[in-house]
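Structure record follows, encoded as structure tokens.
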Amino acid sequence: MSKILQVFYALFSAILLSLAIQNEFLPWGSPFLGLFALVPLYIAFSRAESARESGFLFSLTVSVTHLLSSFWLSNFKDFAVFTIGATTIWYTISCFFLGQLFYGVFFIPPSKKLIIDSGKNSWHIPRRVFLFVSLYILFEWQKSTGFLAYPWGTLYMASYKWQIFSQIAAITGTLGISWLFAFFSSVFAEGLILLNKVPLVKSMHRSFSALAASLFLLFMLSMVYGTIIYTGKKEVIDYFDVILVQQNTDSWESDFQGDKKGILISQALSEKNLGQMEDKPDLIVWSESNINSLYLPDYYERLEHYPPERPLLPFIRETQVPFAIGGVVRLPQTKNQIKLEQEGFSVEEINFGNAILIFDSDAKLDGYSAKSQLVPFAEAIPYADSLWMQKLMQKTAGFSSGWTAGSEIRLFPLALKSGNTVRIANLVCFEDAFTDLCRKMNNLGADVFVNLTNDSWSKTNSAEIQHFVVASFRALEFRKPLIRSTNSGYTVVVDAYGNRIADLPLFVSDALSVSVPLYKNQLTTYARFGNWVPLCSALFVLFHCLLFLKNKIHAKVKSKENLKGKKDIERTLAKEDSNENS
């Protein structure tokens, strides 16, 4: 295969995957395209002539997918150099090294090429299919965890429209869905590769047929499981009545002016919906970043008089309803700051956290939940305590410090009108995209996930929908309803099966009243065992690495023995020749 064709195949995979997940052309994505998204990349890998070539192909696919599917990151104003620029550079470099591992999946030693081509090694095709799938799943797992976590551009996003199939997330998590999609692509690609083999060896045909049959069986089992779960829904034990407010204001408007406008709009929308309800709701939820100019708890008293047109705290008392509002909190000193103070340095304690503020029906600040999973390079700056980093950030982006991550994971109990208590897991911004964080909250006993988001800066429908789609899988994984109240979208309530109960259009000012069904708390398989799919994938890859090393050592020892035997024969023949000459 020519180098140009390989590059085309890598780019083709990037285009297919970008179209498969939610985008401006196909707002809800295409599961069908998702099934075939990795086929061109698999074929390109199978023809790579070196590890560096494989690394380049994978780097190209991932970085182009990122640019095509997350292009809206460039709308993050002064942060764009980091949100789109730094992340693309990171994927380009890291995936070049990770992609080199794929070369080992398809590499055939010259000594074994004849054996494999003759079909004597019938496990060759299944082995490389499962190795490819395992490595790809480890890539998606690595992409979705840690400081640089960004679980966008992942295969499972393509499956959103297949709600019945996606129910397996309760067993495998989202990576189980990605595993099946990658498995489909691999098997299909192997079929195309085998078509070029003439004549087709019977043993190869049998191993491929077994692989295709296992693929069909896994998809059928997933559909059967999904159908049973989807049609036999869990019993609803109570309802949680909420008002969700979508104010749709400009994220970049100056703090005081933007806050005042957002609060006044949110108050009017809340009041409008309260007037339309027969009974008061259990909670009113506003979006992320409603109160940015006054950080709490320091300036709590100021909210008695702000905004001057209609102060916030008196408004909450009038409604006699608890509120969840996005705002800024001042957090305690970090460990680094405490350490510096102990060493005699003067440290200014200004640690701001992006948080959800909980006010009770008497407008008392009942607590807050500060965002712990920060956006890399935009909210969390590596080496932010270092002078050189502060200078660099000031020159390139006009700011020198980021947010401080919250360190406490807690649930907020809320008394319902029914007399029951609902335990709320609060998630700020894109925290609803992270399974590990949500799993901790779920296993603490959460009854419902409540997310406050502000994605209005993206100015694109695809950004809003992508965020929702990634978040919606938390409902499936843990069988818990998900409530999202956003600035401009996507404001929605999802039940424990991924169904959208109620929603609001994107980029409009409106509010939504909805009764959210609550279910008996039960741990799903995924909640109990966590990311067992990538763990099994890692063990499979490790086993083959150890097997490869063992075979290499065995071959080296055998080579030495053969060389020693050859030398012994040569010495014996030389001795015989010497005796004959004598």
Quiz item: Hey, mind stepping through Gln167 and Arg479 against side chain to side chain contact (heavy atoms under 4.5 Å, CB included) and telling me if it holds?
Solution: CA-CA 10 Å; Gln167 299 301 315; Arg479 297 295 179 214; 2.7 Å; yes
Self-check item: Crowding at CZ, Arg500 (>12 non-hydrogen neighbours, <6.0 Å)
Solution: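 Atom CZ in Arg500 is crowded, with more than 12 foreign heavy atoms closer than 6.0 Å.
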Quiz item: More than 12 foreign heavy atoms under 6.0 Å from CG of Leu217: is that the case here?
Solution: yes
Judged by atom type as modelled, is there a donor-acceptor pair below 3.5 Å linking the side chain of [X] to the main-chain atoms of [Y]?
X	Y	value
Ser159	Tyr156	yes
Arg474	Ala433	yes
Ser178	Leu175	no
Gln22	Pro27	no
Thr83	Leu73	yes
Ser59	Cys95	no
Gln373	Phe430	no

Quick one, [X] and [Y] - any side-chain contact, counting heavy atoms below 4.5 Å?
X	Y	result
Val541	Cys545	yes
Tyr91	Leu148	no
Thr172	Trp179	no
Arg127	Val105	no
Val224	Thr227	no
Ser462	Phe71	yes
Phe507	Glu464	yes
Trp532	Cys536	yes

Least distance between heavy atoms, [X] atom then [Y] atom:
X	Y	result
Gly498	Tyr160	O-OH, 4.2 Å
Tyr103	Ala48	CE1-O, 3.6 Å
Ile125	Ser207	CD1-OG, 4.1 Å
Gly34	Ala20	N-CB, 3.4 Å
Ile43	Ala189	CG1-CB, 4.1 Å
Phe529	Arg439	C-NH2, 3.8 Å

How are the rings of [X] and [Y] set relative to one another: parallel (under 30°), tilted (30 to 60°) or perpendicular (over 60°)?
X	Y	result
Phe58	Phe139	perpendicular
Trp457	Trp72	tilted
Phe8	Phe12	parallel

Quiz prompt | Among Phe181, Phe36, Phe208, the one residue meeting ring pair (Phe, Tyr, Trp, His ring centres under 6.0 Å) with Phe188 | solution = Phe36
In Å and rounded to the nearest 0.5 Å, what is the [atom1] to [atom2] distance from [X] to [Y]?
X	Y	atom1	atom2	answer
Asn461	Trp28	CG	CH2	10.0 Å
Leu11	Thr65	CG	OG1	9.0 Å
Asn23	Leu17	CG	CG	10.5 Å
Lys440	Thr435	NZ	OG1	10.5 Å
Leu98	Ser54	CG	OG	11.0 Å
Leu476	Asp495	CG	CG	8.5 Å

Quiz item: Salt bridge check: are Glu140 and Lys143 linked by an N-O gap of less than 4.0 Å?
Solution: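 No, this pair does not count.
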Quiz item: Thinking salt bridges, do Lys3 and Glu53 make one under a 4.0 Å N-O criterion?
Solution: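 Answer for the salt bridge query: yes.
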Does the side chain of [X] pick up a donor-acceptor pair with the side chain of [Y] at under 3.5 Å?
X	Y	value
Glu288	Asn354	yes
Glu477	Thr524	no
Thr453	Asn451	yes
Asn487	Ser456	yes
Thr486	Thr491	yes

Quiz prompt | Residue pairs involving residues 144-153 (criterion side chain to side chain donor-acceptor pair (under 3.5 Å); sequence neighbours excluded) | solution = Ser70-Tyr150
Exercise. Tell me, please, which residues at least two apart from Asp432 pass salt bridge (Lys or Arg N to Asp or Glu O under 4.0 Å).
Key: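 With neighbours one apart ignored, the set is Arg484.
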Exercise. Please step through side chain to side chain contact (heavy atoms under 4.5 Å, CB included) for the pair Asn531 and Leu535, ending with a clear verdict.
Key: CA-CA 7 Å; Asn531 286 315; Leu535 176 61; over 6 Å; no
Exercise. Given side chain to side chain contact (heavy atoms under 4.5 Å, CB included), test Ile465 with Met157 step by step and report yes or no.
Key: CA-CA 11 Å; Ile465 296 174; Met157 291 176 68; over 6 Å; no
Quiz item: Given Arg128, which of Phe102, Phe45, Tyr42 fulfils the side chain to side chain contact (heavy atoms under 4.5 Å, CB included) condition?
Solution: Tyr42
Practice problem: Evaluate side chain to side chain contact (heavy atoms under 4.5 Å, CB included) for Thr61 paired with Tyr9, printing each intermediate quantity in order. | Solution: CA-CA 9 Å; Thr61 298; Tyr9 277 15; over 6 Å; no
Quiz item: Strictly under 6.0 Å, is that where the ring centroids of Phe219 and Phe183 end up?
Solution: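 Between Phe183 and Phe219, which both carry aromatic rings, the centre distance is not below 6.0 Å.
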